[in-house]
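So the structure is just underneath, and the comments pick up after that.
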Amino acid sequence: MEHLAASGIAVEAVAITGDGCSFIIDSRDGARFASAIDDLNVALKLHDHCARVALTRTATDWPLPSLKRVMEAFDNEGIGVVHLTSDATALTVLVDEREADRVAAIFSRFYQPAASN
């Protein structure tokens, strides 16, 4: 993280799992990112031309769909997921930028209008 900060690379998100560590950065920073971690003993895999699509909610909104339902919808549409994160307020997915509109359409299927009083 110190190398990235010193290189002026803005990190939008970090995910640390048993499989490794993923960083979401602007693709224009790809070469600087590779240079910043060059002296570390890590493998680098870049996914260019990705889009981030998020489904968010507030405490008064409908619940977010389960990850199982979302992944089934992506599988049914043949959409490959680069990265997926979820918490109580948002479900965010990174996909190839050509798939962004299709992902937004899938997310819209999960929309439920607020109940009227």
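As the structure is a prediction and not an experimental result, all values here were calculated from the model. The basis for the numbers below is simple: all heavy atoms, side chains too, and nothing from hydrogens, waters or symmetry mates.
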Where [X] and [Y] come nearest, the two heavy atoms and their spacing:
X	Y	result
Ala90	Leu64	N-CD1, 3.5 Å
Phe107	Ala54	CE1-C, 3.9 Å
Asp29	Ala10	OD2-N, 4.1 Å
Leu91	Pro65	CD1-O, 4.3 Å
Ser86	Leu67	CB-CD2, 3.8 Å

*Rounded to the nearest 0.5 Å, what's the gap from CG on Asp101 to CD1 on Ile106? Could you check?*
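The CD1 atom of Ile106 is 11.5 Å from CG of Asp101, to the nearest 0.5 Å.
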*Please list, chain by chain and in numerical order, all residues satisfying side chain to side chain contact (heavy atoms under 4.5 Å, CB included) with Asp48, sequence neighbours excluded.*
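In terms of side chain to side chain contact (heavy atoms under 4.5 Å, CB included), with neighbours along the sequence ignored, Asp48 is linked to Ser27.
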_For residues Phe110 and Val103: do they belong to one hydrophobic cluster (side chain heavy atoms under 4.5 Å, members Ile, Leu, Val, Met, Phe, Trp, Tyr)?_
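Phe110 clusters together with Val103.
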*Group every Ile, Leu, Val, Met, Phe, Trp and Tyr by side-chain heavy-atom contacts under 4.5 Å, then state whether Ile9 and Ile37 land in the same group.*
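Yes, it is one cluster - the side chains of Ile9 and Ile37 are joined through contacts under 4.5 Å.
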*Please report the C-alpha distance between Phe74 and Val95 in whole Å, then the side-chain angles of each, then the deciding distance to 0.1 Å, and finally whether the side-chain contact (heavy atoms from CB on, under 4.5 Å) criterion is met.*
CA-CA 10 Å; Phe74 289 162; Val95 295; 5.5 Å; no
Side-chain contact test, heavy atoms from C-beta onward, threshold under 4.5 Å: evaluate it for [X] versus [Y] and give yes or no.
X	Y	answer
His47	His83	no
Val81	Met71	yes
Arg32	Ile25	no

Donor-acceptor check, side chain of [X] to backbone of [Y], threshold 3.5 angstrom: yes or no?
X	Y	result
Arg102	Ile79	no
Ser108	Ala105	yes
Asp38	Ala34	no

*Count the heavy atoms of every other residue, nucleotide or ligand shown that sit under 6.0 Å from CZ of Arg109, and state whether that count exceeds 12.*
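Result for CZ/Arg109: enclosed.
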*asked:* Show, in sequence, the C-alpha distance, side-chain angles and deciding distance for Leu94 and Thr85, and conclude whether the side-chain contact (heavy atoms from CB on, under 4.5 Å) test is met.
replied: CA-CA 9 Å; Leu94 286 180; Thr85 59; over 6 Å; no
